[in-house]
Amino acid sequence: MAKMWAGRTDGTTEKIADDFNSSIRFDCRMYREDITGSMAHAAMLGAKGIISPADADTLIAGLEDILHDLDSGALAIDEECEDIHMFVEQVLTARLGDVGKKLHTARSRNDQVALDVRMYLRRECDGITDRVKRLIAAVTDKAEEYKEAILPGYTHLQRAQPILFGHHLMAYAMMLLRDLDRLSDCRRRTNVSPIGCCALAGTTYDTDRRFEAEKLGFDDICLNSLDGVSDRDFCVELMSALSLLMMHLSRFSEEIILWSSWEFKFVELSDAYTTGSSIMPQKKNPDMAELVRGKTGRVYGDLMALLTTLKGLPLAYNKDMQEDKESVFDACDTVKMCLDVFVGMIATMRANTDNMKTAAQRGFINATDLADYLVKKGLPFRSAYKIAGQLVARCLADGTVLEALPLATYREFSDLFDEDLYGEIDLVTCVEKRRSEGGTSRASVEAQIQFVREKIG
Ligand code: ARG
């Protein structure tokens with residue numbers, strides 16, 4: 001096919017070189033951004049008298065038709081074209097003749113592609129933000145549903161202190177809130193227009209970059225043309241925010257996998273979000289959670305790929321930068337899929353509150369509260385800690401638990417012990433007493449739920 005850039009050379013290239021060079025396979029998904037960007041550009045050219053207002057109108061109408069035809073399927077993407085920018089311009093020129101050739105005045109593919117990617121990612125940011133909000137809502141609803149269920153909280157994956165399941169779930173809501181914050185921060189820096197930077201140095205035409213930026217919903221324009229065409233920070237930032245988000249989802253996944261194991265049996269995933277084994281009839285596998293955990297590596301990989309591509313690149317545009325798209329598109333696609341499946345998985349997950357309670361009763365997770373009991377009776381914490389530890393050892397030796405140990409045995413260790421100790425080490429009391437802000441008491445969990453709901457609106 002004849003190249004639009006034929007001139008200095010006759011544009012004849014080897015097929016293998018064309019295939020290697022071409023990006024239309026993956027940048028065709030930006031056709032909407034490319035066309036609306038071009039419509040704003042044509043409008044600016046007309047408004048500034050760089051082309052006639054009539055030509056501008058013709059270009060805009062022609063672009064609108066192309067958009068409509070691509071949307072409806074009447075026009076198919078021609079994979080022989082080098083990229084989406086060339087494709088649109090080629091169709092426009094085929095339909096409008098010479099007027100079509102005026103569109104590319106005072107711009108370059110370098111600022112055009114930067115514009116398209118920014119517009120595309122801004123939309124992706126919004127789509128991902130909506131999904132994160134939906135997940136936060138699902139997690140918060142679950143926390144509310146199980147706000148009274150007690151389970152062991154763990155450190156080192158060893159039973160540590162009793163907590164409410166709602167409290168545990170709200171920890172994830174807090175992480176996801178930070179993810180929302182990062183996405184909005186990233187969107188703010190993405191929403192700056194590079195169009196008008198042209199190839200690298202700006203243009204001799206009397207353009208109005210702010211006119212175009214405003215028409216396309218940007219908050220500002222890139223203030224240095226070299227930076228405008230070579231900046232891909234916003235792609236890296238988005239993938240970095242997405243990597244963190246995936247890290248959160250993978251930690252959540254890991255817990256769901258553990259909790260749904262026969263060893264824990266704390267939760268039961270809906271059949272709709274699990275799979276069976278082809279050989280072991282008893283199996284119900286948490287594949288969705290495992291895949292999310294697995295895909296986290298893929299998103300980290302996308303981030304590392306682009307960071308590595310950009311490392312040491314001289315200014316301004318280099319073809320290496322075409323590699324930005326596959327990474328960032330893959331990261332967005334992956335994250336959206338993971339979030340969608342996660343929302344359903346969480347919304348349909350059921351907690352086995354009896355098993356949680358049993359686990360909470362058997363792990364001496366009220367030993368801290370036993371020590372605190374003695375502290376409140378006047379003993380220094382370190383001495384109280386030691387006695388509580390000795391009592392745990394005694395229980396283990398006697399095959400019993402703190403709640404069942406007779407008062408007489410307690411008294412062997414300290415005469416500060418009284419009947420009221422049993423109330424103090426009751427698991428519900430242990431949880432309820434943790435009223436410090438952000439603690440696991442029911443009031444605190446309710447406050448967290450309310451805070452998060454207000455945040456997500
Ligand atoms: N397909 C290219 C990309 O994705 C568009 C920019 C091409 N610019 C150039 N000077 N060859 O980066």
Side-chain angles (χ1 to χ4, degrees), residues 1-38 41 66 70 77-93 101 103-124 190 193-203 212 216 222 225-236 238-239 302 305-333:
M1 163 186 302
K3 299 288 186 302
M4 295 194 85
W5 42 257
R8 172 177 168 171
T9 70
D10 67 5
T12 315
T13 44
E14 287 290 348
K15 166 110 178 53
I16 191 172
D18 277 350
D19 290 346
F20 187 63
N21 196 40
S22 145
S23 55
I24 196 153
R25 291 182 322 283
F26 47 86
D27 64 23
C28 61
R29 65 160 81 194
M30 304 191 301
Y31 76 80
R32 178 176 311 283
E33 286 72 23
D34 194 73
I35 293 171
T36 46
S38 288
H41 187 65
I66 295 176
L70 282 170
I77 301 278
D78 179 1
E79 298 237 332
E80 293 293 305
C81 283
E82 189 178 320
D83 54 31
I84 189 63
H85 328 295
M86 291 301 206
F87 169 75
V88 172
E89 202 182 323
Q90 186 173 294
V91 175
L92 192 70
T93 305
K101 296 183 188 168
L103 175 65
H104 211 52
T105 316
R107 76 169 182 188
S108 145
R109 268 189 300 160
N110 298 349
D111 56 343
Q112 191 181 353
V113 71
L115 177 79
D116 292 4
V117 177
R118 282 179 185 265
M119 286 169 69
Y120 185 86
L121 292 186
R122 161 175 100 169
R123 188 147 61 88
E124 289 294 88
T190 303
S193 170
I195 196 70
C197 291
C198 301
L200 74 161
T203 181
E212 276 183 79
L216 296 170
C222 305
S225 61
L226 287 170
D227 181 44
V229 291
S230 55
D231 173 19
R232 294 294 183 275
D233 293 3
F234 59 98
C235 302
V236 172
L238 177 58
M239 281 191 282
D302 289 328
L306 185 59
L307 272 175
T308 312
T309 297
L310 294 173
K311 178 185 175 295
L313 274 192
L315 302 184
Y317 178 84
N318 301 271
K319 190 75 172 194
D320 314 45
M321 290 160 73
Q322 180 166 286
E323 289 288 313
D324 58 356
K325 285 173 274 303
E326 280 165 296
S327 306
V328 77
F329 293 165
D330 182 70
C332 291
D333 292 349

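These figures come from a predicted structure and were not determined experimentally. These numbers come from the heavy atoms of this one structure, side chains and all, not from hydrogens, waters or symmetry mates. Counting convention: from 1, in listed order, for ligands and their atoms alike.
The pair D18-K3 counts as a salt bridge, with a side-chain nitrogen and a carboxylate oxygen less than 4.0 angstrom apart. Look at E82 and R109 and you find a salt bridge, because one of the NZ, NE, NH1 or NH2 atoms lies within 4.0 Å of a carboxylate O, short of that distance. Using a 4.0 Å cut-off between charged side-chain N and carboxylate O, R29 and D333 make a salt bridge.
Atom 1 (N) of ligand 1 has Q322 OE1, 2.8 Å as its closest protein atom, hydrogens excluded (heavy atom only). With respect to atom 6 (C) of ligand 1, the closest heavy atom belonging to the protein is Y317 OH, 3.4 Å. Closest to atom 11 (N) of ligand 1, if we only count protein heavy atoms, is R109 NH2, 3.7 Å. In this structure, the protein non-hydrogen atom closest to atom 8 (N) of ligand 1 is N110 OD1, 3.0 Å.
The main-chain N or O of N21 is found under 3.5 Å from a side-chain atom of Q322 such that the two form a donor-acceptor pair. At least one donor-acceptor pair closer than 3.5 Å links the side chain of D111 to the backbone N or O of S108.
Neither the backbone nor the side chain of Q112 comes within 4.0 Å of ligand 1, counting heavy atoms alone.
In this structure, a donor-acceptor pair under 3.5 Å is absent between the side chains of T309 and R232.
When only interatomic distances are considered, the shortest N/O to N/O separation between D83 and ligand 1 falls below 3.5 Å.
Annotation for ligand 1: atoms under 4.0 Å from non-hydrogen atoms of S23 are 1 (N). Short contacts between ligand 1 and K325, defined as distances under 4.0 Å to a heavy atom of the residue, involve ligand atoms 3 (C), 4 (O), 12 (O).
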